[in-house]
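I have placed the structure first, in the form of structure tokens, so that the comments after it can refer back to it.
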Amino acid sequence: MKEFNRTTVTSALPYANGPVHIGHLAGVYVPADIYVRYLRLKGEEVLFVGGSDEHGVPITIKAKKEGVTPQDIVNRYHTIIKKSFEDFGISFDVYSRTTSPTHKELASDIFKTIYEKGGFIEQSSEQYYDEKVQQFLADRYITGKCPHCGNENAYGDQCESCGTSLNPTDLINPKSAISGSVPVMRETKHWYLPLDQHEAWLRKWILEDHKEWKPNVYGQCKSWLDMGLQPRAVSRDLDWGIPVPVEGAEGKVLYVWFDAPIGYISNTKELLPDSWEKWWKAEDTRLLHFIGKDNIVFHCIVFPAMLKAEGSYILPENVPANEFLNLEGDKISTSRNWAVWLHEYLEDFPGKQDVLRYVLTANAPETKDNDFTWKDFQARNNSELVAIYGNFINRALVLTHKFFDGKVPALGELTDYDKQTLEEFVHVKTDVEKLLDNFRFRDAQKEAMNLARIGNKYLADTEPWKVAKTDMERVATIMHLSLQIAANLAIAFEPFLPFSSEKLRCMLNLNSFDWKQLGHTNLLKTGDQLGTPELLFEKIEDITIEVQVQKLLDTKKANEAAAWKANSVKPNISFEDFQKIDIRVGTVLDCQKVPKADKLLQFRIADGIEERTILSGIAAYYPNPEELIGAQVCFIANFEPRKLRGIFSEGMILSAEDADGKLVLIQPKSTVSNGAEVK
RNA sequence: GGCGGGAUAGCUCAGAUGGUUAGAGCGUCGGAUUCAUAACCCGGAGGUCACGAGUUCAACUCUCGUUCCCGCUACCA
């Protein structure tokens, strides 16, 4: 077992083309933050690095769409993202960005070093080029007709209609997704990192030396290694990014995947210009990458290969990747606005950062994709944070104020039951530690919560409010111990719920604490004056949750409307065909629901000659049919009569079907004679 | 299509190397209690462990097949 003296913790760099949401928090930043806070509390040397990933094609596309520069886009989102992390107490030592000068310099240096060592191969190939916007097109930005299923909107890498993987050259009638113009083939040269040459040591390093990695991480790496590694491009033709720092590379930038992870290092360097190297090059430094499952191969294979090729860096000791968090049963999606955005959450739930941190940890996607629901959020707040933790603290403080004027009472003789309780909560410390050391944050938090359960049980069993009538000394001991448990809770929850721990610390008038004190009963001294008791957590009412659920339902509706596309036009018909249809205007004389039929309305229509009855299946959209009386509608007059629900319908009333399936009557703009023909 | 991960109580999830009655929290039902944000505390009910075969004295656990969800598939980032 290797000996480590310090730990470098990185968390995946969020891509700066949108704000961050609960999925980011649950998968990466909360677990990383818990771990880092835990190490800090233990007094270990630790550095927590984050930053925004600001290069790459999607940002340039977004900028073009909005008519601003890529720098404008990343400035906007970097600011929002950074603030969200600060607000949620994600305790980065540094949060910088890949557009920083330090990063540009370091990324260039690393590229150059590998280049000079002959660590890249150069290769030319033909690629699609958009002459209108003068840039090469990534596969994703070429669309055309799928050769397999005929879908007109297949992407250059895959047809989403039939699922087939494609090459851009497979597409029939390719078009640039950026400008819509027809792309041409053009030769271009790129640098590749020959991963195949790194395969042997990667295989040993991962498959033999790191069997302790999580199954999802280990499994995916094994899968890649078994398939055989291929050279991977590290440059691309683009004007947004870090220029490839060698001759003959005009117009080429580092591929964003190459540049982004170096951001971990350059952000460290920006913070510690003189001492950054020990965090990245010293053998006694333990490097950990917190990421989501979509990043596994990159952090376990590609980035290590880059670092090895450079030659002077250490490799990650573990990569605790999480699965994904879903929202109310659906995949979280930035583009579909299916997310709970952190900055919006704080507007709706000011001061409730810890509640979200708690819920996301309690239901963290550690072994498989999990689901976030608002109902669960409410339940965890009300029946765990409020009822178990908050309630215990409140009981302990209120009782102390009631019986001892808010001063820590003296500890008397311990009963066997007292000792038994103390023993239980000493266990909590070792259990939480063991779980945190293994990145099992969900269970660790549950174990911390057990401390509050122990406290509640202790009060219920010792019943100080009863004993107070006969034996105040005994009450003093009970409250003394209860307050010590409360102080322990502040420590145990600090990594998970930093804001609440701080609040509790103030209520208890504790100066400071560290992890070593956990499990001890001398955190508070007899006679210490406690602060004013406040509620640690508040109940969340049904109405609050309903508002959030409604917000999501609205989003869903808006998405459906946005996704709606008009049906393609039917084959042409002749004028003679059209003439066969006799469409007329008539006035509604009477209109009512057909009994025992959900959808049908029965119309009595004046058609200019006589009256006729027509049935129409629009009842759901006209809940008050009598309001239609007097209105003019269009109908097909020569439709074969048809019996519906025992009634003859003599024609068909015309409606337009909206995106959501809603039917809307077609009516003339101004009143016309009954029987007027529609031509 | 190929590969990887997953499918376990009403809900959200745990279940090293196969071994007697499969666990937790919430919810639910019953009891006790009143210091506390109608909260806490005690107890009960609830599962052919996705489906179908196979290996084994023994399978939630191993093998094969099927279905569904998620991810990766090397120029989406």
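Just so we're on the same page: letters track the sequence lines, and every chain starts at 1.
Within 4.0 Å (heavy atoms only), A/N370 reaches sugar-phosphate atoms of the nucleic acid but no base atom. Residue A/Q220 is classed as a sugar-phosphate contact, given heavy-atom separations below 4.0 Å to backbone atoms only. As judged by a 4.0 angstrom heavy-atom cut-off over every strand, A/F372 is placed among residues making no nucleic acid contact. When heavy atoms are screened at a 4.0 angstrom cut-off, A/D371 is found touching the sugar-phosphate backbone but no base atom. Contacts of A/G228 with the nucleic acid, taken as non-hydrogen atoms under 4.0 Å apart, include base atoms. Within the nucleic acid shown, A/P464 has no heavy atom closer than 4.0 Å to any nucleic acid atom. Counting any heavy atom pair closer than 4.0 Å across all strands shown, A/V302 reaches no nucleic acid atom. A/Y255 comes within 4.0 angstrom of a base, heavy atoms only. At a threshold of 4.0 angstrom between heavy atoms, the contacts of A/E366 with the nucleic acid are absent.
Atom CD1 in A/I81 sits roughly 13 Å away from atom C1' in B/A77 (whole-Å rounding). As a whole-Å value, the separation of A/D443 CG from B/C13 C1' is 9 Å. A/R232 places its CZ atom 10 Å from the C1' atom of B/A77, with the value rounded to the nearest Å. To the nearest angstrom, C1' of B/C3 lies 14 Å from CG of A/L229. Distance A/N322 CG to B/C13 P: 13 Å, rounded to the nearest Å. A/K446 has its NZ atom 4 Å from the C1' atom of B/A24, to the nearest Å.
Under the 6.0 Å cut-off for aromatic ring centres, A/F111 and A/F120 qualify, their centroids lying closer than that. Aromatic pair A/Y389/A/F493: ring centres closer than 6.0 Å.
In this model, no side-chain donor or acceptor of A/E384 finds a partner on the base of B/C26 within 3.5 Å.
Remark: A/K331 fails to qualify as a cation-pi partner of A/W338 under the 6.0 Å distance and 45° angle criteria applied to the six-membered ring.
Of the two residues contacting RNA chain B, namely A/A379 and A/R440, the nearest-nucleotide position lying further toward the 5' end is that of A/R440.
Classified by interplanar angle (parallel below 30°, tilted 30° to 60°, perpendicular above 60°), the ring pair A/H299/A/Y264 is tilted.
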Tabulated below should be each protein N or O lying under 3.5 Å from an N or O of nucleotides 35-44 of chain B; please produce it.
{"residue": "B/C35", "atom": "O2", "partner": "A/R395", "partner atom": "NE", "Å": "3.1"}
{"residue": "B/C35", "atom": "N3", "partner": "A/R395", "partner atom": "NE", "Å": "3.1"}
{"residue": "B/C35", "atom": "N3", "partner": "A/R395", "partner atom": "NH2", "Å": "2.5"}
{"residue": "B/C35", "atom": "N4", "partner": "A/R395", "partner atom": "NH2", "Å": "2.8"}
{"residue": "B/A36", "atom": "O3'", "partner": "A/N394", "partner atom": "ND2", "Å": "3.3"}
{"residue": "B/A36", "atom": "O2'", "partner": "A/N391", "partner atom": "OD1", "Å": "2.7"}
{"residue": "B/A36", "atom": "O2'", "partner": "A/N394", "partner atom": "ND2", "Å": "3.2"}
{"residue": "B/A36", "atom": "N3", "partner": "A/N391", "partner atom": "ND2", "Å": "3.4"}
{"residue": "B/A36", "atom": "N3", "partner": "A/R395", "partner atom": "NE", "Å": "3.0"}
{"residue": "B/U37", "atom": "N3", "partner": "A/F537", "partner atom": "O", "Å": "2.7"}
{"residue": "B/U37", "atom": "O4", "partner": "A/F537", "partner atom": "N", "Å": "3.3"}
{"residue": "B/U37", "atom": "O4", "partner": "A/F537", "partner atom": "O", "Å": "2.7"}
{"residue": "B/A39", "atom": "OP1", "partner": "A/K539", "partner atom": "NZ", "Å": "2.9"}
{"residue": "B/A39", "atom": "O2'", "partner": "A/A387", "partner atom": "O", "Å": "3.3"}
{"residue": "B/A39", "atom": "O2'", "partner": "A/N391", "partner atom": "ND2", "Å": "2.9"}
{"residue": "B/C40", "atom": "O4'", "partner": "A/N391", "partner atom": "ND2", "Å": "3.4"}
{"residue": "B/C40", "atom": "O2'", "partner": "A/R395", "partner atom": "NH1", "Å": "2.6"}

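By the rule that a glycosidic angle within 90° of 0 means syn, B/G27 does not qualify and counts as anti. For B/A16, the base adopts the syn conformation, since its glycosidic angle falls within 90 degrees of zero.
For the pair A/V234/A/D259, no side-chain contact is recorded, criterion being any heavy-atom separation below 4.5 Å from C-beta on. Taking the side chain as every heavy atom from C-beta outward, A/H190 and A/E122 never approach each other to under 4.5 Å.
With C1' as the reference atom, B/G71 and B/C49 are 24 Å apart, rounded to whole Å.
Side-chain N/O atoms of A/N370 and A/E323 include no donor and acceptor closer than 3.5 Å. Using a 3.5 Å distance cut-off with no hydrogens or angles, the side chains of A/S235 and A/K189 do not pair a donor with an acceptor.
Here the side chain of A/Y218 pairs a donor or acceptor atom with the backbone of A/L207 at under 3.5 angstrom.
Between A/D437 and A/K434, none of the side-chain N atoms (NZ, or NE/NH1/NH2) sits under 4.0 Å from a carboxylate O, so this pair counts as no salt bridge.
Side-chain nitrogen and oxygen atoms of A/K331 include at least one within less than 4.0 Å of the OP1 or OP2 phosphate oxygen of B/G71.
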Item checked: Watson-Crick and G-U pairing of RNA chain B written in dot-bracket, each distance under 3.5 angstrom, with | for inter-strand partners -> (((((((..((((.....[...)))).((((.........)))).....(((((..]....))))))))))))....

